[in-house]
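Working notes, structure below.
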Amino acid sequence: MMDMKSVEKKWQEKWEKSRLNVFNKKNADKKLYVLEMFSYPSAANLHVGHWYNYGPTDSYARFKKMQGYEVFQPMGFDAFGLPAENYAIKTGIHPKDSTEKNIALMERQLRNMGAMFDWTAEIKTCEENYYKWTQWLFLQLYKKGLAYRKEALVNWCPGCETVLANEQVIDGKCERCGNTVLRKDMTQWFFKITDYAEELLSDLDGLDWPEKTKLMQKNWIGKSTGCEIDFECETGDTITVFTTRPDTVFGVNYVVLAPEHPLVEKLKTAHPENAKAIDAYVQYASEANDIDRLSTAREKTGVATGAYAIHPLTQKKVPIYLADYVLYSYGTGAVMAVSAHDERDYAFATKYGLPITQVIQKKGGETVLPFCEDGILVNSGEFDGLSGEDARDAISAKLAKLGKGSKKVNYRLRDWSVSRQRYWGAPIPMIHCEKCGVVPVPEKDLPVKLPYDVEFRPNGKSPLASHDGFMHCTCPECGGKATRDPDTLDTFVCSSWYYLRYADAHNEKQAWSKEVADTMLPVDVYVGGSEHACMHLLYARFITKALRDMGLVSFDEPFKRLVHQGIILGPDGNRMSKSRGNVVSPDKYIDEYGSDIFRLYLMFGFSYTEGGPWNDDGIKSIAKFIDRVERLVRKAMDDKTSGYTDIRSAEKELDYVKNYAIKSITRDVELFSFNTSVARIMEYVNALQKYDALPEKNGAFFKASLEDLVRMLAPFTPHFAEELWEICGNKDSVFTESYPIVDEQALIKAETEYAVQVNSKIKAKLMIAESATEEEIKATVCAHAEIAPLIEGKTIKKCIIVKGRLVNLIVG
RNA sequence: GCGGAUGUGGCGAAACUGGCAGACGCGCAGGUUUCAGGUUCCUGUGGGCAACCAUGCAGGUUCAAGUCCUGUCAUCCGCACCA
């Protein structure tokens, strides 16, 4: 039995020395960029999830390398972020110190994993030579008008006196102190991702991504086509509403504004008798936290303003309400309420006793209100009788003609808020000057360094705001006194472009050279968890498109193909978590069996994209399998009795199994179907063992067959295969070999087994020559001893032959 | 509420465009090796004595359904008043 630990160490050192894992630019024409999502540097050891992401994907990469691709598989660290800062607040250990320590630890473990990472391209997002370019990226977006400042609602924890990221808000409460999180207006930097909404949506079609992920992005972007309609308000102002159902416009019973709508103030002035009630409602709505407000189950609330608006087509007066079921952030922040044909309006109207006017009739059936589907228009003047689509066209055309409305497309997607009132991130490279306003830091002055000596314990402001040395600077435009932006960038900004930096990691003059980027990118295969569907994966696509429009890259999409690994659950079937106490650590398994066996088990025991509950019964069997392979190889190499040199049926049979395995593996690895690939190798090993047990065998043939086994095994158990390859008497790395290629000739058999059915029931199995014609097959089947009695005296109505598989005789 | 996925032996799972359901492995049983335990190797292993019955459940299409269609239940994931 091999000492896996020393074998792994031996080969890792050899690979390091021979630069086996380093991308060779000379072969760039054959490049294949295989990327795993980089890691957050945690203090804990690598967990099963890391192994499950990186181990099998590395096998994929190695397989492609053996197929002749020049594989680029870099690794790095997404090193800024909240956990390090929270840890610092709790323990007083500086985020930089803990992060660097964690990176060192994690990098060592990643190296011990033996994956084919090209460490020469390693990046750490918290280092100056990286975040300098993150800041540069911000400036490019700013120049392009894609970064802007505005007031926005943020999560505010009154206990910690700080802003929280959405992820830190658990059930409406602060994850640290448990206080109820409030919403607060603050001026923030945003990236204008909404400018790209349409392209982000339409380009999904061309991506080789899981359909589920594409659908999630599609829903997230949330395109809806409709119409904006103007209602004149009694104050003389115009209330513009957005609707996807202009066909229901004759059924408008009232108009609703979101409580935050700017017109509220004016309406209050116009109707002082209601001012108190309005104020109370606005206050009530602002205090409701997101969880309550967003719940569909919540009862509708609202208040009458006393004001009215004029219906643009009927000229009738309709009352104006405030209600928080209308979201200020979507559409125009105002809706026309059609009580009969919208569930929410119906519920509101019912509660407050408002009129309900039916204007749509169900086609062929009784109309039950609220009726929200398409139907035939009634009570709609000249538009009566029209149906859904036609009515929408006709009515929006009429409104447009009157200057009272126009077609409009809205997206659910909002601009990306990137300011964080936090310390451990890339400082936003902006300067605030009393005279010149907001001024970008000149590129030559980058990076804006993140100072070390900062009080990062929360006090209600960004930690950097209290650091005088950082804050005070001179205005690059007027040279006068100015201050820096005290906020840092969301870490998703760092990870939105890292795949570009990998390709040109040591470039000191640029973030990347366009030439290099265009050679190395896009990423051919990107592997990571599906939890990033609407965050990282969307941001990265947006940034790529923005960079393309700036002429900095020449491709539209960063990740051509995307694969999500499944999740390995705890043995109890739940997500692993400390609180549940069901966390399985890979350490003891690595210690006992080594990294090859551990990764092989991960590949064999689970369906890669599904994952599933952890179970360690299987890992022992993998260790046994590896032992068996080793014994088989050693025995064959020691075997001096080479026997004879003929190729008999036994050799042909072995060759068949081998080539069947090669063919299957070649297809399955491409699909990330590792469990079936390993199964085919096991079958081949079983066949080799059977052959080995023969009294006589062709020694040279057997040795060659075993060398093929080692090649086949190499991507899955790289260290072990190298050792076997050496035992076989080879000097070079097995990874300089090419993966065995299927010999189709070996897969042709003289005879195939057919299942024979009579009236669709299996009755017999028999061997039929591959060359037989359909007529011959039919004759053979009918004459067969088990079949003949069953069809005797009956007419064969039909004979279905599936070549190489089955024959179905329909008799009556 | 909306959208999506999944449901197959005692267990992890296979099954490419409808074509022999359960590959491969675990476990289990019997044998073998060993002083003994582990190990090795061999054989068997969905259920039922059988005809037959079996892919969550109920229908349907088809010569043929795990696979296609309709309905339904359960679990998981995403979104959640988006007008």
Side-chain angles (χ1 to χ4, degrees), chain A residues 1 210-220 222-224 226-227 241-245 248 256 258 290-291 293-298 300 323-327 329-338 341-345 347-348 372 410-414 530-531 533-534 567 569 573-575 601 604-607 609-610 612-622 624-625 627-628 631 664 667-668 671 673 675-683 685-686 689 693 753-765 797-811:
Chain A
M1 195 171 162
E211 287 304 321
K212 183 188 160 199
T213 308
K214 290 204 260 183
L215 190 66
M216 274 168 73
Q217 286 207 355
K218 190 183 162 190
N219 292 339
W220 191 260
K223 179 178 182 173
S224 65
C227 192
V241 303
F242 174 71
T243 179
T244 55
R245 294 294 302 275
T248 64
V256 198
D290 276 5
I291 299 298
R293 177 147 183 196
L294 293 177
S295 164
T296 43
R298 186 177 179 229
K300 304 271 174 293
D324 67 0
Y325 77 87
V326 173
L327 305 176
S329 54
Y330 182 77
T332 60
V335 304
M336 59 180 216
V338 183
H341 306 294
D342 181 280
E343 280 181 26
R344 297 149 300 183
D345 300 340
F348 191 82
C372 308
N410 265 325
Y411 299 91
R412 208 192 73 112
L413 183 69
R414 317 249 185 96
S530 59
E531 67 274 15
C534 297
I567 298 168
L569 305 168
N574 290 306
R575 260 175 193 270
Y601 171 60
F604 181 65
F606 303 86
S607 163
T609 52
E610 298 289 319
W614 173 263
N615 166 336
D616 50 20
D617 289 342
I619 194 161
K620 285 190 206 89
S621 73
I622 292 291
K624 275 197 233 170
F625 169 72
D627 271 353
R628 204 155 81 227
R631 277 199 303 276
S664 305
R667 182 194 60 214
D668 291 353
L671 301 170
S673 177
N675 52 352
T676 53
S677 301
V678 177
R680 298 292 89 79
I681 290 180
M682 287 174 167
E683 281 169 357
V685 169
N686 290 343
Q689 224 164 356
E753 189 188 65
Y754 276 70
V756 182
Q757 300 179 327
V758 176
N759 287 342
S760 305
K761 301 262 185 213
I762 302 261
K763 294 295 177 188
K765 293 185 181 182
K797 289 188 196 154
K798 213 169 168 185
C799 174
I800 295 144
I801 297 174
V802 181
K803 197 80 171 127
R805 288 189 174 270
L806 67 66
V807 178
N808 190 2
L809 296 170
I810 309 302
V811 300

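Per chain, numbering begins at 1; letters A, B, ... match sequence-line order.
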How many whole angstroms separate atom [atom1] of [X] from atom [atom2] of [N]?
X	N	atom1	atom2	value
Leu809(A)	G19(B)	CG	C1'	14 Å
Lys620(A)	U39(B)	NZ	P	10 Å
Tyr601(A)	A13(B)	OH	C1'	11 Å
Arg414(A)	A80(B)	CZ	C1'	12 Å
Lys797(A)	U62(B)	NZ	P	15 Å
Gln689(A)	U43(B)	CD	C1'	15 Å
Arg631(A)	C41(B)	CZ	C1'	10 Å
Asn574(A)	U75(B)	CG	P	14 Å

Does the [X] side chain pair with the main chain of [Y], one donor and one acceptor, at a distance under 3.5 Å?
X	Y	result
Asp345(A)	Val338(A)	yes
Tyr754(A)	Lys765(A)	no
Asp668(A)	Ser673(A)	no
Arg575(A)	Ile567(A)	no
Asp342(A)	Cys372(A)	no

Handout entry: First of Asn808(A) and Gly605(A) reached from the 5' end of RNA chain B, by closest nucleotide
Key =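 Of the two residues, Gly605(A) wins.
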Completion exercise
The answer to which of Asn759(A) and Ser329(A) contacts RNA chain B further toward the 5' end, by nearest nucleotide, is Asn759(A)
Expressed as a whole number of Å, how far does the [atom1] atom of [N] sit from that of [M]?
N	M	atom1	result
C63(B)	U72(B)	P	28 Å
G22(B)	G7(B)	C1'	16 Å
G9(B)	C53(B)	C1'	14 Å
C16(B)	G12(B)	C1'	22 Å
U17(B)	C11(B)	P	27 Å
U33(B)	U40(B)	P	16 Å
A13(B)	A23(B)	P	15 Å
A51(B)	U55(B)	C1'	23 Å

Fill in the blank from the handout: Given protein heavy atoms under 4.0 Å, the one-letter contact record of nucleotides 20-32 of chain B, with B base, S sugar-phosphate only and - none, is simply B--BBSS------
Go ahead and name the base partner of [N]; Watson-Crick or wobble counts if both distances stay under 3.5 Å, otherwise write none.
N	result
C49(B)	none
C35(B)	none
C28(B)	G44(B)
A64(B)	none
G7(B)	C73(B)
A21(B)	none
G78(B)	C2(B)

[X] side-chain proximity, nearest of [options]:
X	options	answer
Ile810(A)	G78(B), C63(B), A83(B)	C63(B)
Leu327(A)	A83(B), A80(B), G3(B)	A83(B)
Tyr330(A)	C63(B), A80(B), A83(B)	A83(B)
Ser760(A)	A14(B), A80(B), A64(B)	A64(B)

Do other residues, nucleotides or ligands put more than 12 heavy atoms under 6.0 Å from [X] [atom1]?
X	atom1	value
Lys214(A)	NZ	yes
Lys797(A)	NZ	no
Glu343(A)	CD	no

Practice task
Give a yes/no answer on whether the side chain of Ser607(A) brings an N or O atom under 4.0 Å of OP1 or OP2 in A14(B).
Solution key: yes
Exercise for the section: Report yes if at least one side-chain N or O of Arg412(A) is closer than 4.0 Å to OP1 or OP2 of A80(B); otherwise report no. Expected result: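 Checking Arg412(A) against A80(B): at least one side-chain N or O falls below 4.0 Å of OP1 or OP2.
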Handout entry: Donor-acceptor side-chain pairing of Ser760(A) and Asn808(A) below 3.5 angstrom
Key = yes
Exercise for the section: Test Asn615(A) against Tyr601(A) for side-chain contact (heavy atoms from CB on, under 4.5 Å), laying out the working first. Expected result: CA-CA 10 Å; Asn615(A) 166 336; Tyr601(A) 171 60; 4.1 Å; yes
Handout entry: Torsion-based syn/anti label for G60(B), 90° from 0 as limit
Key = anti
